[in-house]
Every structure is written in C-alpha cells, then in structure tokens.
Amino acid sequence: KDFSEEEVKILTTNNSVMTSYYFQKAFISFTFRIYDDSKHYSEKYLDCIVNTWANLLFAHSYHAFCIGLISFWLARKSGDEQQWHERGKRSKLALKKW
C-alpha cells in the first residue's frame, strides 16, 4: 500500500497537491524514459494545471520547462505527434511570460 487513507484523500481533493504529484511522476518517468507513464502523468498534469492558480511562479516556470521537454520527447515517440508538439510550443510560450 503506497498511500494512507489520509494521503489519498489529500491527493484526490487538493488540486495543487495533485498538480505537484503528477508533475513529479511525469518527470521521473521521462528521466527513466518510461513512455506510457510519461504520457499518462503529463496528461494528468496538464488537466490539473488548468485549475491551479499560480501561487509559485518559479515552480510554474520550472514545470513549464520540464513539461515542454517531455512534450517534445513524446511528440517524437508517439503517433500523436501534433498534439504533443503543440503542448511543447505552449510551454515555450509560457516561459516567455516569465
């Protein structure tokens, strides 16, 4: 059992925590070149980030950089190249804001 009931409750009800959790899982999967997990957790992260207010701009800029790297890597590896390429381009644009 990886998580206690309390941890599961926090993960499922706190969008900021879920955002950080999915980002870390995506980055670790990318680091070890685990394609399916990278794709899964990146999609989860991108779904969460839409509803998370920017409380730590530095963290968001770091996340945008890493998600951009992951997105371009997924674009090269996947059959859905256009979707991941667009996500990578959005990450590059986000970095220009900071």
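- His85 pairs by the side-chain contact (heavy atoms from CB on, under 4.5 Å) definition with Phe72, Ala75, Lys89, not counting sequence neighbours.
- To the nearest 0.5 Å, the span separating CZ on Arg33 from OG on Ser38 amounts to 8.0 Å.
- The two atoms that bring Ser71 and Gly88 nearest to each other are CB-N, 3.6 Å, heavy atoms only.
- Nearest heavy atoms, Arg87 versus Leu46: CD-CD1, 3.4 Å.
- A chain of hydrophobic side-chain contacts below 4.5 Å, direct or via other Ile, Leu, Val, Met, Phe, Trp or Tyr residues, connects Ile70 to Tyr21.
- In the hydrophobic clustering of this structure, Tyr41 groups with Leu69; members are Ile, Leu, Val, Met, Phe, Trp, Tyr whose side-chain heavy atoms approach within less than 4.5 Å, directly or through other members.
- Interatomic distance, OG of Ser42 versus CZ of Phe23, reported as 9.0 Å (0.5 Å rounding).
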Please list, one pair per line, the donor and acceptor atoms closer than 3.5 Å that link side chains of residues 24-32 to other protein atoms, with sequence neighbours excluded.
unit_1, atom_1, unit_2, atom_2, d
Ser29, OG, Lys25, O, 2.8
Thr31, OG1, Phe27, O, 2.8

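- The structure places OG1 of Thr13 at 6.5 Å from NZ of Lys9, a figure rounded to the nearest 0.5 Å.
- Within the model, atoms OG1 of Thr12 and CE of Met18 stand 7.5 Å from one another, a figure rounded to the nearest 0.5 Å.
- Nearest heavy atoms, Ser61 versus Leu95: O-CD2, 3.3 Å.
- Side-chain contact between Trp73 and Lys39: absent, with no pair of heavy atoms (C-beta onward) separated by less than 4.5 Å.
- Put simply, Ile34 and Tyr45 are part of two different groups of oily side chains (I, L, V, M, F, W, Y) that touch within less than 4.5 Å, one to the next.
- Cys48 and Asn15 get closest at one heavy-atom pair: O-ND2, 3.0 Å.
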